[in-house]
Amino acid sequence: MNEIATNLTRINQRIAAAADSAGRQPNAVSLVAVSKVQPAESIEAAYRAGQRDFGENYAQELRDKAEALAGLDGLRWHFIGHLQRNKAKYVVPVVSVLETVDSARLVDELDRQTARFNRSIECLVQVNVGGEEQKSGCAPEEVTTVLNAVERAKGLTLDGLMTIPPFELEADETRVYFQALAKLRDQLGGPAKLRHLSMGMSHDFEVAIDEGATLVRVGTAVFGPRPPRR
Ligand SMILES: *Cc1c(COP(=O)(O)O)cnc(C)c1O
């Protein structure tokens, strides 16, 4: 468990160094510790080491962990997995940042559920900048429609864009995807409208920071290898 604290210190140092070499402020980039499939004790260990933002991929797992860890003040859950509309009801009551909004139909359901649970959620629109080889996220041509839907929804705040390059790529091959997301943000109104760019994982977060990431989603480099999903 102490290893988690050590890992967090190292990752935060690497984040600060990457921001510095990109000419950015170290606090311009936040770490989202991706805790999917990891036990609640690991999340508590990271929390005790000062980590507050955690990323989860599965709706019911998030619901259960949020309940088990409800006593951890100031902990913020990010949902970073594909969200099916029929599972929005599990996520909406507990999530702070929903990073994977990818359709106007999902926004309609989120609108209903935020009203029902009287919640307000920060949203990132997930974009499939790579086209064919990625399975999740909306196509670049659809982004405006989804952004507009989020802006109209009462319980949702539009907070930025997110992307996941194809998983098999090496760090240097992902750079073009990060550049594409940053360019899209500029075309859609820039940081004044879309504050966050969520991009970069354990193997490539430094590249993502170099291209403007404000949120990096790091799992295995914080928690170690993931146990098999039960
Ligand atoms: C699992 C996951 C991560 C973290 O991946 P690591 O390689 O363990 O850092 C980041 N983003 C998404 C969307 C994920 O599903």
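As the structure lists them, so they are numbered: ligands from 1, and atoms in each ligand from 1. Worth knowing before you read on, the calculation uses all heavy atoms, side chains too, and leaves out hydrogens, waters and symmetry mates. Predicted, not measured: the structure shown is a model, and the values here were computed from it. Along the sequence shown, residues carry numbers from 1.
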Atoms of ligand 1 under 4.0 Å from any heavy atom of V218, numbered from 1 in the order shown, are 9 (O)

Discussion item. Taking CG in N27 as the centre, count heavy atoms belonging to other residues, nucleotides or ligands within less than 6.0 Å. Is the count above 12?
Written reply: yes

heavy-atom search around atom 5 (O) of ligand 1 in the protein gives M201 CE, 3.5 Å

A student checking ligand 1 against T220 at a 4.0 Å heavy-atom cut-off should list atoms 6 (P), 7 (O), 8 (O), 9 (O)

Discussion item. Is any side-chain heavy atom of K87 closer than 4.5 Å to one of L83?
Written reply: yes

Judged by atom type as modelled, is there a donor-acceptor pair below 3.5 Å linking the side chain of T163 to the main-chain atoms of V127? yes

Contact between R226 and ligand 1, counting heavy atoms under 4.0 Å? yes

Self-check item: R119 side chain to V92 backbone, donor-acceptor under 3.5 Å
Solution: yes

Exercise. Judged by atom type as modelled, is there a donor-acceptor pair below 3.5 Å linking the side chain of R76 to the main-chain atoms of V97?
Worked result: no

Note: ligand 1 atoms sitting under 4.0 Å from heavy atoms of R217 are 4 (C), 9 (O), 10 (C), 11 (N), 12 (C), 13 (C)

For I80, the atoms of ligand 1 under 4.0 Å from one of its heavy atoms are 11 (N), 12 (C), 13 (C), 14 (C)

Does the S202 side chain pair with the main chain of V218, one donor and one acceptor, at a distance under 3.5 Å?
no

Fill in: Flag, side chain of E142 to backbone of A139, donor-acceptor distance under 3.5 Å
yes

So for I164 against ligand 1, with non-hydrogen atoms under 4.0 Å, the contacting part is side chain

closest protein heavy atom to atom 14 (C) of ligand 1 is K36 NZ, 3.0 Å

The protein heavy atom nearest to atom 9 (O) of ligand 1 is S202 OG, 2.5 Å

message: Check whether F205 forms a cation-pi arrangement with R217 (NZ or CZ under 6.0 Å from the six-membered ring centre, at most 45° off the ring normal).
response: no

Practice task
Would you check the N or O atoms of G219, main chain and side chain alike, for any that come under 3.5 Å of an N or O of ligand 1?
Solution key: yes

Q. N/O to N/O below 3.5 Å, does that happen between N57 and ligand 1?
A. yes

